[in-house]
Protein chains: 2
Amino acid sequence: MNPFATHFESLEEFADRVSELLQCPITIEDANHRLIAYSGHEHYTDPARTATIIHRRVPERVINSLWREGVIPKLLQSEEPVRVAEISEVGLGNRIAISIWKNKEVLGFIWAIEMNEPWTEQQFHLLKQAAKAAKNLLLQLQIRKHKKEERIQEFFWKLLTGHVSSPHDIVEQCHQLNVHVYPFFSVGIFQFQQQIQTQVERQIDYLLKTTQQLAIPLYTIDHQRLIVLVAPSSNVYGESHIERFFRSFMTQMKERFRVDIMMGAFGNVYECYTKIAKSYEEAQTVLKMKRAFPHQLANIQSYQHLGMYQFFDLLFEQKRHGDFHNVALEKLKQYDAQHHTNLVETIETYLDCDSNVNETAKTLNIHPNTLAYRLKRISEIGNIDLSNMSEKVKLYIDMKLDKYRTT
Amino acid sequence: MNPFATHFESLEEFADRVSELLQCPITIEDANHRLIAYSGHEHYTDPARTATIIHRRVPERVINSLWREGVIPKLLQSEEPVRVAEISEVGLGNRIAISIWKNKEVLGFIWAIEMNEPWTEQQFHLLKQAAKAAKNLLLQLQIRKHKKEERIQEFFWKLLTGHVSSPHDIVEQCHQLNVHVYPFFSVGIFQFQQQIQTQVERQIDYLLKTTQQLAIPLYTIDHQRLIVLVAPSSNVYGESHIERFFRSFMTQMKERFRVDIMMGAFGNVYECYTKIAKSYEEAQTVLKMKRAFPHQLANIQSYQHLGMYQFFDLLFEQKRHGDFHNVALEKLKQYDAQHHTNLVETIETYLDCDSNVNETAKTLNIHPNTLAYRLKRISEIGNIDLSNMSEKVKLYIDMKLDKYRTT
DNA sequence: CAAGCTTTTGTGGATTTCCACAAAAGCTAT
DNA sequence: ATAGCTTTTGTGGAAATCCACAAAAGCTTG
């Protein structure tokens, strides 16, 4: 006979029942480690569980430890209970965990704290029965959520495309949809190697829901791209917070799920939600420029650090009208062609290296004096004053615009 | 009785007549030292005269000497003959010169070579009579010229404003108007201190017509501006030729006529005459930028050397839409305001000085180590990588755009 | 006013840059 | 092939830069 074959009013009631039967504290989480229910009996509770209950989610460091220890991969692979040894650094006592399945998808987890004695076969069997019973309860939750999700998605796309009304209305709608409004935000994009499949969607959802580095009130998936609204807790070090989150998201996708993300990018941080479309545009610009200048912008993620490449679409448009043709550059190109020299490459590398002689010489594999000689020739042939910032800027931009054209 | 009170078929006939009476070679020039007529009798002729006749104009170095010796100023002041001592460097022998007047305007000059003996009173008297007689002959030339001038002016304005047809038609029209077509050209503008008066117009005409550094097929005057079409002889060192001409024109206007020119500027050198409007626009851009950045661009005249300022109108337009706001710069400004520091000024000067520490420190009157410290703070506070060209460019442009806004 | 912070200036030494000069290597055209 | 050019590499010394460390001066705050 199944002890869970009755009707439960709520998941809490269910958790309490499991706790009674197993004689230990029980915590039920969804697939993203958000707290769904927990037993209320007076038992010993480790610090990790306390923190989980207080914040209504498992602390990120605990999740990270569980990944590192291989616990979560195991849970995601089998329906069997997993024994977890104490991880004292994160306040986690001895645990038994089991995943809740529906078809081939994990809906959530049940965690039990292993009290003094080791579990009996009987207890393990009970836990497995509990996991089966939890499935139906969780499914009901899921359905309710999915409906809301769809409305939120639509709302987010409206924000991204600028089809929005007043800031006040936006906040109003957020409240209706139960989307938290943060004081600062930025729009980010992750470009994946391939079209994002359903399984990867779940993995993305998992990572985004479990991260606590910053809030992600909204996100959506579009072909090969994941678009997120990120909200750093403060804007003082906002940029670097986002940077760090982006890097860790990408490494985690790779390490945990073997999913490659080509690149990530995000726009400026704004306060008013009407600027979401703008931040989105900026993020798209970053991606575009990273594609055109993969080497230069390999380590750049933010629009803020795009530097002069921010201007490029605009300048390029103008250049196509035939403006800005650079006589100096043309002369250098001509000279290169006629004399089989590398003056253009030289000056470009030199400027890439921030006018650093040694670095440039190393990059080009030439003697520093050779570089000096070439620079002298460049300034003669192109009639350029290489100690004039404005001229250098012009030349640099024109060279990069040239490259941009060929992509 | 006046020996010139007869009708002369041509100016040549007149010159021969004068030559006969004075027993010496005679040359008649217009007010711009262009050859109008010369006597053909076999007399001794100095190299300066030979060159004048061959090139149909007085060589520029001869003109310059005559100015330097004070000969021409004297001629422009009085109707009396002026004795000119030999200037052997330019091949000029002993001469007697007199100016030809109409009301208060000089129409031209008569030059006589003083042969072996010094002139008698009688000869001077004859020369004065000749100058009076020449007046009417020159006037007829003038009238014919004026009419043509007007049609040329109209044509030039059409070219400048882009109201032109095909390149072929332009060349056609040039031929009709007797305007020489050169393979390369650029449009230049001189900005005068004040509205250009008739007298100054003549002085401009004089300098433009006498210069031989480069050809000036067309020019026009508009309020405080003189607009010239300049044609360097070759485009190899075209830019520098034009530069030199601009400088010398401005110094000569000042030294010879006490007329101040605020600044000069010229556009790119093109080959096709349909690009005149473009070159003109570029020259206007240079003037505009020189007004906005008088210090930085004090020594810049050409569009080519405007460097990054070429972009500024375009970028500024975009910036007004609220794009490109620079968080780093805002943070620095904020820090400056709160802590009474000069970080923005420091970084701007540093970039102005092409990242040269010593020069910057001297300019700012601070210790080099102070500068180093400030730069460190700047990169911390603004989250800027000062060894990244692209970021430097962005910051530099944003700072200059800020300045541009306030002008 | 004392403590703690930021900012300025100083010192010294390793490293880099700049410059002049020269040798060697490579290319081109007669 | 040779002469004349450009280009590369080398040497050495003066000047500038970079860096670490420290003292002093200036500001802010309790």
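Since we're looking at a predicted model, the values are computed, not measured. Convention: sequence-line order gives letters A, B, ...; per-chain numbering from 1.
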Between N or O atoms, less than 3.5 Å apart, protein on one side and nucleotides 16-22 of chain D on the other: list the pairs.
unit_1: D:dT17; atom_1: OP1; unit_2: B:N356; atom_2: OD1; d: 3.1
unit_1: D:dT17; atom_1: OP1; unit_2: B:V357; atom_2: N; d: 3.2
unit_1: D:dT17; atom_1: OP2; unit_2: B:N358; atom_2: N; d: 3.1
unit_1: D:dT17; atom_1: OP2; unit_2: B:N358; atom_2: ND2; d: 2.8

Heavy-atom closest contact (B:K319 atom, B:D402 atom, distance): CE-OD1, 4.0 Å
Could you list the protein-to-nucleotides 2-7 of chain D atom pairs, N/O on both sides, closer than 3.5 Å?
unit_1: D:dT6; atom_1: O3'; unit_2: A:Y335; atom_2: OH; d: 3.4
unit_1: D:dT7; atom_1: OP1; unit_2: A:Y335; atom_2: OH; d: 2.8
unit_1: D:dT7; atom_1: OP2; unit_2: A:Y335; atom_2: OH; d: 3.4
unit_1: D:dT7; atom_1: OP2; unit_2: A:Y373; atom_2: OH; d: 2.9
unit_1: D:dT7; atom_1: OP2; unit_2: A:R377; atom_2: NE; d: 2.7
unit_1: D:dT7; atom_1: OP2; unit_2: A:R377; atom_2: NH2; d: 3.4

Which residues satisfy the side chain to side chain donor-acceptor pair (under 3.5 Å) test with [X], sequence neighbours excluded?
X: A:Q212; answer: none
X: A:D385; answer: A:S387
X: A:Y396; answer: A:D352

Qualifying residue for side chain to side chain contact (heavy atoms under 4.5 Å, CB included) with B:I384, from B:L329, B:L332, B:L375: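 The side chain to side chain contact (heavy atoms under 4.5 Å, CB included) with B:I384 is passed solely by B:L332 among B:L329, B:L332, B:L375.
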Within 6.0 Å of NZ in A:K278, more than 12 heavy atoms from elsewhere: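 Buried by this count: over 12 neighbours within 6.0 Å.
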Whether B:F245 and B:F249 hold their rings parallel, tilted or perpendicular, with breakpoints at 30° and 60°: tilted
Geometric class of the B:Y273/B:F185 ring pair [parallel <30°, tilted 30-60°, perpendicular >60°]: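 B:F185 and B:Y273: perpendicular rings.
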Exercise: do A:R377 and A:Y335 side chains pair donor with acceptor under 3.5 Å: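 On atom types as modelled, these side chains qualify, holding a pair under 3.5 Å.
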Nearest-Å distance for atom pair CD1/P, residues B:I366 and C:dT9: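 Distance check: B:I366 CD1 to C:dT9 P gives 7 Å.
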Nucleic acid footprint by protein, nucleotides 24-30 of chain D - heavy-atom cut-off 4.0 Å, B for base, S for sugar-phosphate alone: -------
A:F246/A:F266 aromatic ring centres below 6.0 Å: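 Under 6.0 Å, so yes.
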